[in-house]
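Everything below concerns the one structure shown next.
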Amino acid sequence: MEILNSFNSIYEKLLLAVEKQIFPQIDQLMKAYYNILNNDSNISKNITKINDVFNMLCFSLVIFILTYYIAQNITSLYNGENRENIFKLFIKLICVYIIASNSMFIFKTFINIFDIISQYISIEGEKIIGCALEFKSLSSKISLLDTSAKDLFSLDGLIMSIVCYGAVNLLVACSVRYVCMLLCMIISPIVMMSVSIKQWRFIGIKYVKLIFILFISPIIMQTLLILPLMFKDNNDALYKIVLLGTLQILYKIENYIKEIF
């Protein structure tokens with residue numbers, strides 16, 4: 001009996017951590033997603049500094065590519081191979097370099113656009129469900145569950161243990177997305193320069209797809225929160241099923257987006 005009580009005590013602490021720490025932390029990550037470049041934090045300043053270094057690398061890359069193609073064109077005079085027109089290549093490189101050197105401005109523009117969409121969904125969602133469209137509201141609903149949900153060896157307890165596991169996985173997934181966004185911002189000038197070279201163009205295409213997934217994921221996650229939050233009876237079996245399904249979709253949201261697009 002003491003062992004069962006010990007398990008239940010650990011489980012209650014885990015459930016409390018999900019309600020008070022993990023879900024609020026996910027909310028902070030969701031908000032930080034669209035505020036990476038919109039504040040004076042050290043992260044924003046450091047990203048800008050590192051990005052400036054990559055801009056210098058881009059300039060060096062332009063010089064290297066031009067030198068390489070000039071050498072290739074000189075050798076083609078002797079072996080008769082057809083090479084890309086140097087003048088066209090120069091114009092293309094200059095245009096791409098100008099875009100790449102302004103990658104932070106482009107990123108900030110897209111972040112502001114998706115932030116406006118996110119705020120609109122939040123406002124409209126709050127009108128529909130009557131509470132804030134965030135994970136903190138979800139944790140409040142979980143805390144109102146029947147006391148049997150806090151017994152690990154009951155059906156509700158097993159369901160809530162899966163919810164706890166899903167919440168931890170979701171926090172890790174959101175953290176990975178946030179770090180990926182930071183990395184994509186830093187390397188953006190180099191990746192944009194890859195578009196100018198036909199052999200490297202596939203890198204730019206994959207990069208654009210990744211950026212799209214990173215931008216759209218928080219909006220879809222925010223929209224999906226409407227499903228569990230719209231239930232009024234927290235102890236309804238259907239609510240618990242929807243809660244489990246929603247967390248699973250949120251955790252694998254990137255895979256679903258990739259399948260669609």
Side-chain angles (χ1 to χ4, degrees), residues 26-69 84 87-124 173-223 253-254 257-258 260-261:
I26 294 174
D27 282 330
Q28 290 182 12
L29 279 172
M30 297 273 284
K31 292 176 181 177
Y33 221 71
Y34 295 128
N35 292 317
I36 296 176
L37 299 177
N38 293 340
N39 52 43
D40 296 325
S41 65
N42 290 329
I43 292 178
S44 177
K45 293 176 181 178
N46 290 333
I47 287 176
T48 303
K49 290 178 181 178
I50 298 173
N51 188 261
D52 289 340
V53 174
F54 274 84
N55 283 334
M56 293 299 296
L57 289 175
C58 280
F59 182 76
S60 302
L61 187 62
V62 169
I63 301 299
F64 171 77
I65 293 172
L66 282 174
T67 304
Y68 173 78
Y69 272 89
E84 188 172 355
F87 179 73
K88 290 182 179 179
L89 178 65
F90 177 75
I91 297 298
K92 183 166 61 176
L93 284 173
I94 293 299
C95 292
V96 174
Y97 174 73
I98 292 172
I99 295 172
S101 60
N102 290 283
S103 59
M104 284 294 97
F105 172 76
I106 296 171
F107 252 102
K108 191 170 184 178
T109 301
F110 277 103
I111 285 174
N112 289 334
I113 291 172
F114 280 93
D115 186 33
I116 292 171
I117 297 172
S118 177
Q119 290 178 19
Y120 175 78
I121 293 173
S122 180
I123 293 170
E124 294 301 317
C174 289
S175 301
V176 171
R177 289 188 200 110
Y178 183 75
V179 173
C180 284
M181 178 64 82
L182 295 176
L183 181 61
C184 286
M185 288 182 180
I186 291 171
I187 66 172
S188 58
I190 296 294
V191 176
M192 288 182 181
M193 286 300 301
S194 69
V195 179
S196 61
I197 308 300
K198 187 177 181 180
Q199 293 84 347
W200 301 349
R201 204 160 292 167
F202 72 96
I203 299 175
I205 295 172
K206 290 186 176 181
Y207 176 81
V208 170
K209 289 182 178 179
L210 175 60
I211 290 297
F212 175 76
I213 291 171
L214 291 175
F215 273 129
I216 202 70
S217 293
I219 291 177
I220 297 177
M221 289 174 65
Q222 195 176 21
T223 306
I253 190 68
E254 291 181 1
I257 295 174
K258 287 178 182 177
I260 295 172
F261 296 99

side-chain contact (heavy atoms from CB on, under 4.5 Å) partners of Ile190, counting only residues at least two apart: Phe54, Leu57, Cys58

Let me have the donor-acceptor pairs involving side chains of residues 179-189, under 3.5 Å, with sequence neighbours excluded, atom names and distances please.
residue	atom	partner	partner atom	Å
Ser188	OG	Ser103	OG	3.0
Ser188	OG	Met185	O	2.8

Non-neighbouring partners of Ile99 that pass side-chain contact (heavy atoms from CB on, under 4.5 Å), sequence neighbours left out: Ile106, Met192

Pairing residues for Ile123 by the side-chain contact (heavy atoms from CB on, under 4.5 Å) criterion, not counting sequence neighbours: Lys127

Residue pairs, two or more places apart or on separate chains, that pass salt bridge (Lys or Arg N to Asp or Glu O under 4.0 Å) and touch residues 175-190: Arg177-Glu254

Partners meeting side chain to side chain donor-acceptor pair (under 3.5 Å) with Gln119 (sequence neighbours left out): Asp115

Contacts of type ring-ring contact (aromatic ring centres under 6.0 Å, His included), residue Tyr207, not counting sequence neighbours: none

Spacing of Ile98 atom CD1 and Asn102 atom CG [to the nearest 0.5 Å]: 8.0 Å

Separation of Ile216 CD1 from Ile253 CD1 (nearest 0.5 Å): 9.5 Å

Listed partners of Phe215 passing ring-ring contact (aromatic ring centres under 6.0 Å, His included), at least two apart: Phe114

Set of residues satisfying side chain to side chain donor-acceptor pair (under 3.5 Å) with respect to Ser217, sequence neighbours excluded: none

Candidate pair Met30 and Ser118, rule side-chain contact (heavy atoms from CB on, under 4.5 Å), full reasoning: CA-CA 10 Å; Met30 297 273 284; Ser118 177; over 6 Å; no

Test side-chain contact (heavy atoms from CB on, under 4.5 Å) applied to Phe59 - qualifying residues, sequence neighbours left out: Ile63, Tyr97

